[in-house]
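Heads up, the thing below is written out as structure tokens.
Remember, it's 1-based here, ligands and their atoms both numbered in the order they're listed. The structure presented is a predicted model; accordingly, all values stated were derived computationally and were not measured.
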Amino acid sequence: MITIKDLHKSFGDHEVLKGIDLEIEKGEILVIIGPSGSGKSTILRCMNLLETPTSGDIIFEGKSLVDKNTNIDEVRQNIGMVFQHFNLFPHKTILENVTLAPITLKKMSKEEAEKKAEVLLKRVGLYDKKDTYPAQLSGGQKQRIAIARALAMEPDMMLFDEPTSALDPEMVKEVLEVIKELAQDGMTMAIVTHEMGFAKEVADRVIFVDEGKIIEDNTPEEVFNNPTHERTKEFFAKVL
Ligand code: ADP
Ligand code: MG
């Protein structure tokens, strides 16, 4: 589905990504772990060109994202992204939050968009909140809405950047459950998370990023039980 080749990204003279090579197959669930500041978010943000790579290539569904002829808006519509801080539109109702992009970007009729949104809201267990506003929801509920909103565009791949890091502990589970269900439905996903139990459970593959490089890339069993680098062991000693 997506291939990243020798991706480099610098901010000024600070090289944040130092040659990332990565492939994600259709239906694969990739979990990205690593210390804070190692470049995890930058990798995700390059995948839908929220950041422009300094060099290297990203090929999504056969199209190079750095090719000037590629329609980036179209690519972005096929890649859903969920952030740590939900980014819901505060002055729109929950239903409007979910229908806005399909109506404006996909030119879907309001009726059709609402019908689809209602199905998605039922799926994340928040249909009864459809006429309320984001401020009336808990953090976990807001994040479930952010996921429904991303799914409303019918993306081929979903990117999650620490989707539970801003949540109170009791709300983490309800969000992870929604992501797990997506995994069971076969969605292709790249997930940055510090939830190691979740990573072990849902990942097909885990990569460990350290100082802008991938230093482990293997099954969760191998990465967690037999890490090849000292850095990875030190990280697990701190977080597990
Ligand atoms: P992670 O998600 O692993 O914590 P990030 O990808 O957010 O790491 O950041 C990697 C490094 O890049 C950090 O040192 C961060 O300060 C820097 N960085 C990220 N975005 C920017 C930016 N827009 N401008 C300058 N530096 C940035
Ligand atoms: Mg980050």
**Prompt:** Do any N/O atoms on Val16 end up under 3.5 angstrom from N/O atoms on ligand 1?
**Reply:**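 There is no such contact.
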**Request:** Report, in ascending order of atom number, the atoms of ligand 1 lying under 4.0 Å from any heavy atom of Pro35.
**Result:**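 The list of qualifying atoms is 3 (O).
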**Message:** Give the atom numbers and elements of ligand 1 that come within less than 4.0 Å of a heavy atom of Gly37.
**Reply:**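 Per the distance check, 1 (P), 3 (O), 4 (O), 8 (O), 10 (C), 11 (C), 13 (C).
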**Message:** As a check for students: among Gly12, Ser36, Gly39, identify the option with a heavy atom nearest to atom 8 (O) of ligand 1.
**Reply:** Gly39
Quick one: look up the protein heavy atom nearest [atom] and list residue, atom name and how far away it is.
{"atom": "atom 7 (O) of ligand 1", "answer": "Ser41 CB, 3.6 Å"}
{"atom": "atom 5 (P) of ligand 1", "answer": "Thr42 OG1, 3.6 Å"}
{"atom": "atom 27 (C) of ligand 1", "answer": "Phe11 CD1, 3.3 Å"}

**Prompt:** Side-chain contact, heavy-atom cut-off 4.5 Å: Pro163 with Ile179?
**Reply:**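 A side-chain contact exists here, since the closest heavy-atom pair is under 4.5 Å.
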cation_pi([X], [Y]) dist<6.0 Å, angle<=45:
{"X": "Lys9", "Y": "Phe11", "result": "yes"}
{"X": "Arg149", "Y": "Phe86", "result": "no"}
{"X": "Lys92", "Y": "Tyr133", "result": "no"}

**Item:** Presence of N, O or S from Ser41 under 2.8 Å of the Mg ion (ligand 2)
**Value:**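 True for Ser41.
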**Asked** With a cut-off of 6.0 Å (strictly less than), are more than 12 heavy atoms of other residues, nucleotides or ligands near NZ of Lys200?
**Response** yes
**His14 near ligand 1 by a heavy-atom separation under 4.0 Å** =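 True for this residue.
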**Exam field: side chain Glu162 to backbone His85, donor-acceptor pair closer than 3.5 Å** = no
**Exam field: side chain Lys213 to backbone Ile20, donor-acceptor pair closer than 3.5 Å** =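 No, because the side chain of Lys213 does not come within donor-acceptor range (under 3.5 Å) of the backbone of Ile20.
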**Request:** Would you verify that at least one protein heavy atom lies under 4.0 Å from atom 15 (C) of ligand 1, or report that none does?
**Result:** no
